[in-house]
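This report refers to the structure that appears directly beneath it.
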Amino acid sequence: MLSKTLLLALTLAACGDESATMPPGAGSVESKPDAATPDLTPALPPAAIAVADLQAQAENIALVPSPAEMQKALEKAGVAGGLSALVQERAFKMDAENKDVVAVRTGVLLADAVLTVKDAPKEKLIERLDKVKLGLAALGAGNDLGAIIDELKNKIANDSVSRDELLKELDELHGATIPEIKYEAGERVVPLLQAGSWLEGSNLVSEAILKAGKPEAANSLLRQPQVAGYFLKYVQVEGADKAPVEVLKQLETTLKKLQEIASKPAMTVEDLTEIKSETSSVLALL
């Protein structure tokens, strides 16, 4: 739920050195290289490469906003309260042979825990974190993340951490999860984990906005066509031969519709209802 500010800032930072991209004769006087020095200029200007790299990095960062950033955005929009009551109890099996499906399921459970950290009963929050731990273990994430989750669960059980402090600790867990899971379980698991979190987040937030009667909040929280486009590209190219056919077909249909809706200048109540319906269709197949 990050805005495009980060991407813009990174792009501007990379473009700040105009001398790297200016054509000869523009701006200041061009300095001439020493005749004895070989020309090692790459085919593409370094600045152009840097901009492309930073844009890619910024896109990936925007796909996985931190818990604190998500909570702040929800509170600002006035739809943060009551999310816990909207979470469906899902009997996901984490011992499935298809690890891609396990990754999406784990992403869904991670979103449930993160989005309800402020208002979930402690028993329910512990249960959600336990499910996340099982999912990460099934993906081969190693023992480090599991130990962090166990520590958080103990603090919650003993009432030795405030919800604000817990949010900060979830930020740290969030920051450790992506590189750890990428290293232990493989690079392709990451976008699937992200997709599960994003789908569940879109589902819960769209319903929360509808219940709050604040459709205008969708413009800052859900209008992200670049995110839908990223996952659609993955489904059509990278994951085309990996996910179960029925999941893949519904996911592609849903992502196209979400990208279409998110590309509108402003969202309506009807759009939010469709987002809720489309994401529920995918989640029901998991």
Side-chain angles (χ1 to χ4, degrees), residues 1-3 62-92 104-121 123-125 127-129 131-132 163 167 170 174 193-228 231-232 247 250-286:
M1 300 176 186
L2 291 176
S3 65
L63 293 175
V64 194
S66 76
E69 289 166 335
M70 284 193 290
Q71 195 68 33
K72 184 177 180 180
L74 291 168
E75 289 174 354
K76 184 177 180 180
V79 296
L83 279 175
S84 184
L86 304 180
V87 174
Q88 294 187 27
E89 298 306 319
R90 306 184 188 278
F92 286 152
V104 178
R105 289 173 178 171
T106 303
V108 171
L109 297 171
L110 184 59
D112 288 344
V114 166
L115 290 173
T116 64
V117 65
K118 284 292 191 76
D119 66 343
E123 294 80 8
K124 187 61 65 177
L125 188 54
E127 180 184 330
R128 287 168 185 162
L129 287 173
K131 290 179 179 179
V132 171
R163 292 305 173 98
L167 183 59
L170 276 176
H174 170 273
L193 189 75
Q194 293 172 330
S197 290
W198 180 67
L199 285 168
E200 177 72 344
S202 297
N203 186 273
L204 292 175
V205 171
S206 60
E207 185 174 359
I209 292 172
L210 286 169
K211 285 186 175 296
K214 297 181 178 181
E216 67 281 358
N219 295 321
S220 60
L221 296 175
L222 296 175
R223 195 154 56 90
Q224 298 173 301
Q226 75 280 7
V227 179
F231 290 126
L232 183 60
V247 176
Q250 182 60 59
L251 182 56
E252 184 172 359
T253 299
T254 294
L255 288 171
K256 286 180 178 178
K257 177 56 66 174
L258 294 183
Q259 187 178 36
E260 177 187 330
I261 293 173
S263 297
K264 294 182 177 182
M267 290 188 187
T268 63
V269 170
E270 290 74 18
D271 291 329
L272 286 165
T273 302
E274 191 160 14
I275 289 173
K276 172 66 179 175
S277 175
E278 288 288 343
T279 51
S280 292
S281 297
V282 177
L283 293 167
L285 295 175
L286 297 176

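As the structure is a prediction and not an experimental result, all values here were calculated from the model.
Between the Asp112 side chain and the Leu109 main chain, no donor and acceptor come within less than 3.5 Å of each other. Side-chain N or O atoms of Arg105 include one that pairs as donor or acceptor with a backbone N or O of Leu286 at under 3.5 Å. Looking only at distances, no side-chain donor or acceptor of Ser277 sits under 3.5 Å from a matching main-chain atom of Thr273. For the pair Thr116 (side chain) and Asp119 (backbone), a donor-acceptor distance under 3.5 Å is absent. Put simply, the side chain of Thr254 gets close to the backbone of Glu278: a donor and an acceptor are under 3.5 Å apart. For the pair Arg163 (side chain) and Ala120 (backbone), a donor-acceptor distance under 3.5 Å is present.
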Passes side-chain contact (heavy atoms from CB on, under 4.5 Å), Glu274 versus Met267? Steps please. CA-CA 11 Å; Glu274 191 160 14; Met267 290 188 187; over 6 Å; no
Apply side-chain contact (heavy atoms from CB on, under 4.5 Å) to residues Val104 and Leu285 and explain how you reach the verdict. CA-CA 11 Å; Val104 178; Leu285 295 175; over 6 Å; no
Evaluation steps, side-chain contact (heavy atoms from CB on, under 4.5 Å), between Leu199 and Val108: CA-CA 7 Å; Leu199 285 168; Val108 171; 5.7 Å; no
Quick one: do Arg90 and Glu200 satisfy side-chain contact (heavy atoms from CB on, under 4.5 Å)? Show the steps, please. CA-CA 12 Å; Arg90 306 184 188 278; Glu200 177 72 344; 3.2 Å; yes
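Between Asn203 and Ser280 the shortest heavy-atom distance is ND2-OG, 2.9 Å. Annotation for Glu75 and Ala80: closest pair CG-CB, 3.6 Å, computed over non-hydrogen atoms. Closest approach of Leu83 and Ala208 over heavy atoms only: CD2-CB, 3.6 Å. Closest approach of Ala77 to Lys214, counting heavy atoms only: O-CD, 3.7 Å. The shortest heavy-atom contact between Leu222 and Ala262 is O-CB, 4.1 Å. Looking at every heavy atom in both residues, Thr279 comes nearest to Ser202 through CG2-CB, 4.2 Å.
Atom-to-atom distance recorded for Gln250:CD and Glu252:CD is 10.5 Å, nearest 0.5 angstrom. To the nearest 0.5 Å, atoms NZ (Lys276) and OG (Ser281) are separated by 10.5 Å. The line from CG of Leu115 to CD of Gln71 is 7.5 Å long, rounded to the nearest 0.5 Å. Taking CG from Leu167 and CD from Glu69, the interatomic distance works out to 10.5 Å, rounded to the nearest 0.5 Å. Annotation: the span from Ile275 atom CD1 to Ile209 atom CD1 amounts to 8.0 Å, rounded to 0.5 Å. Note: Ile261 CD1 to Asp271 CG = 5.0 Å, rounded to the nearest 0.5 Å.
Under the rule for a side-chain hydrogen bond (donor to acceptor under 3.5 Å, both in side chains), Ser197 has no partner lying at least two apart in sequence or in another chain. Remark: Glu216 pairs with no residue by the side-chain hydrogen bond (donor to acceptor under 3.5 Å, both in side chains) rule, at least two apart or across chains.
Within the 4.5 Å cutoff, the side chain of Val87 has no heavy atoms near those of the Lys124 side chain.
When the shell of 6.0 Å around NZ of Lys72 is examined, it contains 12 or fewer heavy atoms from other residues, nucleotides or ligands. Other residues, nucleotides and ligands contribute over 12 non-hydrogen atoms within 6.0 Å of the NZ atom of Lys264.
We find that Lys256 and Glu260 are not joined by a salt bridge, their nearest charged nitrogen and carboxylate oxygen being 4.0 Å or further apart.
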